[in-house]
Number of protein chains: 2
Amino acid sequence: MTTTSTKQEVLSKERLRLWLRMLRVTRQVEAALREKLRVEFDSTLPRFDVMAALYRDRDGLKMNELSKRLRVSNGNVTGIVDRLADDGLVERIAIEGDRRATRVRLTSAGRDAFTTMAVAHEGWVNALLDDVTVEDAHHIGELLHRLPAKTGEQAQ
Amino acid sequence: MTTTSTKQEVLSKERLRLWLRMLRVTRQVEAALREKLRVEFDSTLPRFDVMAALYRDRDGLKMNELSKRLRVSNGNVTGIVDRLADDGLVERIAIEGDRRATRVRLTSAGRDAFTTMAVAHEGWVNALLDDVTVEDAHHIGELLHRLPAKTGEQAQ
DNA sequence: GCTTAAAACTTTAAGCTTGAACTATTTCTT
DNA sequence: AAGAAATAGTTCAAGCTTAAAGTTTTAAGC
């Protein structure tokens, strides 16, 4: 029995294969980074992400903005910020003129901790992607840049 | 003040950028798939992954093998299989000759459910990666294939 | 055969994640 | 100005995830 495939079917299968491969690589790298953060700094990827977002804006961000920036639910951010605050790495600051909102920003201890972690983090990524040349990086980056077009929200 | 960067430093930054971009795309696609699975089938990505692994082997897999195949902790698999079993989609079968181990396999209801979901899943991925041509898919796939070389365990 | 080590799972504690429900505050409508 | 709608956050329930500790069973060493 012979099965005939249209070009569309072949393309669909090919995209699926690509997706599974991307997923595998991403998870592998993520697992390695998570492990490193845990062992070296007793921290986590979500905490690192939050601190990275706050590092860019010295004046901090509203919970709202943080949630949008990281593309995670607002309830999620609440928990992570709670724990970072418990550790003295971030602080919540009242916003005058709007008693609903809160601004979150890194404490100086938080900034110190982040800079240390960020340097290490770049090193880990650099080592994990050791096989990637500048050309590869550019090429894949370019292709990925315009990738998920159908996901509703986009933008940065 | 002028800052001079070595090639290594540039490459490191470039790899970091690539990683962040990969992460963004992957998370975006994952979020879309998760949402679809939830709304259309009241299911989740981890459940889908487990069922996909079991679908390949009609006789099922030991919890052990399932855990290795999916690269997640064994305790994790226990929970997911528990819930799938509650829904009658998988069943645990005693292995004769070794009372420690259990074999898990899809029930016929599980096979039916999975085939339906798998078709939809491929369609979603195909739509999400609409901008990817066959050439792109091949190219990125090739590059990704040899990617994380320093992660300790590899293999399939 | 008996003790030790290894293997296969499960359980547990802690954190991450989401969607939905809920509270408080602000803004919009009329 | 009163009521309705929107906005900002938190809380909650359920599920995912890991590492570590615990259980039961099997295999190895002596």
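First the proteins, then the strands, lettered A, B, ... as listed; each starts at 1.
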Polar pair under 3.5 Å, donor/acceptor by atom type, side chain R100(B), base dA7(C):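 Checked by distance alone, the answer is yes.
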Rounded to whole angstrom units, what separation is found between the [atom1] atom of [X] and the [atom2] atom of [N]?
{"X": "K62(B)", "N": "dT24(D)", "atom1": "NZ", "atom2": "P", "value": "20 Å"}
{"X": "K36(A)", "N": "dT18(D)", "atom1": "NZ", "atom2": "C1'", "value": "18 Å"}
{"X": "L66(A)", "N": "dT10(D)", "atom1": "CG", "atom2": "P", "value": "11 Å"}
{"X": "E30(A)", "N": "dT18(D)", "atom1": "CD", "atom2": "P", "value": "11 Å"}
{"X": "I95(A)", "N": "dA24(C)", "atom1": "CD1", "atom2": "C1'", "value": "15 Å"}
{"X": "K68(B)", "N": "dC9(C)", "atom1": "NZ", "atom2": "C1'", "value": "13 Å"}
{"X": "L37(A)", "N": "dT18(D)", "atom1": "CG", "atom2": "C1'", "value": "14 Å"}
{"X": "N64(A)", "N": "dT10(D)", "atom1": "CG", "atom2": "C1'", "value": "13 Å"}

Euclidean distance, L70(A) CG relative to L61(A) CG, rounded to 0.5 Å: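 Going from CG on L61(A) over to CG on L70(A), the span is 8.5 Å.
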Have a look at D57(A) and tell me which of R111(A), R69(A), R105(A), K62(A) forms a salt bridge (Lys or Arg N to Asp or Glu O under 4.0 Å) with it.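 The single option meeting the salt bridge (Lys or Arg N to Asp or Glu O under 4.0 Å) with D57(A) is R69(A).
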Measure centre to centre between the rings of F48(B) and F41(B), then say whether the value is under 6.0 Å.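 For F48(B) and F41(B), the ring centres are not under 6.0 Å apart.
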Report the residues that fulfil salt bridge (charged side-chain N to carboxylate O under 4.0 Å, His left out) with [X], sequence neighbours left out, ordered by chain and then residue number.
{"X": "D82(B)", "result": "R92(B)"}
{"X": "E65(A)", "result": "none"}
{"X": "E122(A)", "result": "K13(B)"}

Roughly how bent is the helix from dG1(C)-dC30(D) to dT30(C)-dA1(D) end to end, in steps of 10 degrees, with each end axis from five pairs?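 What I find for the helix from dG1(C)-dC30(D) to dT30(C)-dA1(D) is an axis angle of 10°.
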Within a radius of less than 6.0 Å around CG of D42(B), do more than 12 heavy atoms belonging to other residues, nucleotides or ligands occur?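 12 or below, so no.
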Same cluster for W19(A) and L23(B) if Ile/Leu/Val/Met/Phe/Trp/Tyr side chains link at under 4.5 Å?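 Yes, W19(A) connects to L23(B) through the hydrophobic network.
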Other than V10(A), which residues form its hydrophobic cluster under the rule that side-chain heavy atoms must be closer than 4.5 Å?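 Members alongside V10(A): none; it stands by itself.
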Position toward the 5' end of DNA chain D (nearest nucleotide), E65(A) or G97(B):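 The 5'-side residue here is E65(A).
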Base versus backbone protein contacts along nucleotides 10-23 of chain C [heavy-atom cut-off under 4.0 Å; B, S, -]: BB---SSBBS----
